[in-house]
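Worksheet: one structure, shown below.
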Amino acid sequence: MKIATWNVNSVKARLANVTGWLGATSPDIVLFQEIKSETASFPTAAFEELGYHVQAVGQKSYNGVALLSKLPAEDIITRLPGEPEDKQARYVEATVGGIRVASLYLPNGNPVGTEKYPYKLRWMERLRLHAATLLESGMPVVLGGDYNVIPAPADVYDPVGWAEDALFRQETRLKFQEILALGYTEAFRALHPGLTRAYSFWDYQAGAWPRDMGLRIDHFLLSPQAADRLVACEIDKGPRGQEKASDHTPVVLDLRAPD
DNA sequence: ATGGTTGTTGGACAA
């Protein structure tokens, strides 16, 4: 079972790149972030033609997530619990093929010192509480998406320069570690300990892509029942080098079939 | 080098 996560930075501006990659790669489940589309205007038909069921959760201009699946999605939720007044479209979760899977777009949090950073930390605490609840089900759980978290110095081209950024500062990394401490496995690092320059995002500015000035901020967190089935987790840098690329590139998880 | 780029939208904001 292949599951891909990809911050596409506008699904409409990226439609040719995205459908081309899906046609070639054919993941069973696809998690999008930053669709930048209202739910009603999401290009559902283009993905149905590729054989996917489509769950899109959008808003005007910003944010937005989607979950595509070759098998039907059941028991869908479209909000992260815990702050009902939060209307930002950042979360969708469903059961597909016996796996509880989420597409999440964690707040960026910059600039630190504005309301954006405490919002990020509150959102992370809500995710921690919900992730704990999900473990109680005993189902395999896969939480994939753009976490806007650089977990460790090896995951950023310039750790000193990024020390106080909302994606890397100590408080952010500790909160991410608290989620892992519940019993979740970060799939890519578990399979590639010590690997450097394995990035999933390169800014559009200042030649970040040709200079390989990247960040690893797109992750899969796996419950123990999902981690037991972990086969592979790879970053596909191909799409980032294409014309009209997103600033993120897809990460692909592979889980073996249950015993 | 107080810069640079992309997307939504139709100016300013988010990343």
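Labels below follow one simple rule: chain letters A, B, ... track the order of the sequence lines, proteins then strands, and each chain is numbered from 1.
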Taking NZ from A:Lys60 and C1' from B:dT8, how many angstroms apart are they, rounded to a whole number?
9 Å
Could you tell me which residues satisfy side-chain contact (heavy atoms from CB on, under 4.5 Å) with A:Leu191, sequence neighbours excluded, listed by chain and number?
A:Leu230, A:Cys233
Which whole-number value in Å describes the distance from A:Tyr147 OH to B:dA15 P?
18 Å
In whole Å, I'd like the distance from the NZ atom of A:Lys36 to the C1' atom of B:dT8.
7 Å
All salt bridge (charged side-chain N to carboxylate O under 4.0 Å, His left out) counterparts of A:Lys175, not counting sequence neighbours
A:Glu125, A:Glu178
Distance, rounded to the nearest Å, where A:Lys116 contributes NZ and B:dA14 contributes P
4 Å
Out of B:dT8, B:dA15, B:dG7, which nucleotide sits closest to the side chain of A:Asn9?
B:dG7
Set of residues satisfying side-chain contact (heavy atoms from CB on, under 4.5 Å) with respect to A:Ile76, sequence neighbours excluded
A:Gln55, A:Ala73, A:Thr78, A:Val92, A:Ala94
Rounding to a whole Å, what distance do you find between A:Lys120:NZ and B:dA15:C1'?
12 Å
Side-chain ion pair, A:Arg189 and A:Asp155, N-O less than 4.0 Å:
yes
With sequence neighbours left out, write down each residue that passes side-chain contact (heavy atoms from CB on, under 4.5 Å) with A:Trp209, or none if nothing qualifies.
A:Trp202, A:Lys237, A:Arg240
Is the shortest distance from a Lys or Arg side-chain nitrogen in A:Asp228 or A:Arg256 to a carboxylate oxygen in the other one below 4.0 Å?
no
Atom-pair distance (CD on A:Gln59; C1' on B:dG7), nearest Å:
14 Å
Side chain of A:Lys244: nearest nucleotide among B:dA15, B:dG7, B:dT8?
B:dG7
Under 3.5 Å, which protein N or O atoms sit close to an N or O of nucleotides 1-4 of chain B? Give each pair with its distance.
unit_1, atom_1, unit_2, atom_2, d
B:dG4, N9, A:Gln205, OE1, 3.0
B:dG4, N3, A:Gln205, OE1, 3.3

Checking all strands, does A:Phe201 fall into the base, sugar-phosphate, or nothing category for heavy-atom contacts under 4.0 angstrom?
nothing
At 4.0 Å (heavy atoms only), tell me whether A:Arg240 reaches a base, stays on the sugar-phosphate, or touches nothing.
nothing
Between OH of A:Tyr62 and P of B:dT8 the distance, given in whole Å, is 11 Å
Phosphate-side-chain proximity, A:Arg14 and B:dT6, N/O vs OP1/OP2 below 4.0 Å
no
Partners passing side-chain contact (heavy atoms from CB on, under 4.5 Å) against A:Ser61 (at least two apart in sequence or in another chain)
none
Pick the C1' atom in B:dG4 and in B:dA15, then give their distance to the nearest Å.
13 Å
Rounded to whole Å, how long is the line connecting atom CG of A:Asn7 with atom C1' of B:dA15?
9 Å
Take A:Ala13 and A:Glu34, find for each the nucleotide of DNA chain B with the closest heavy atom, and name the residue whose nucleotide sits nearer the 5' end.
A:Ala13
Comparing A:Ser10 with A:His248, nearest DNA chain B nucleotide closer to 5' gives the residue A:Ser10
Separation between the P atoms of B:dA14 and B:dG10, rounded to whole Å:
15 Å
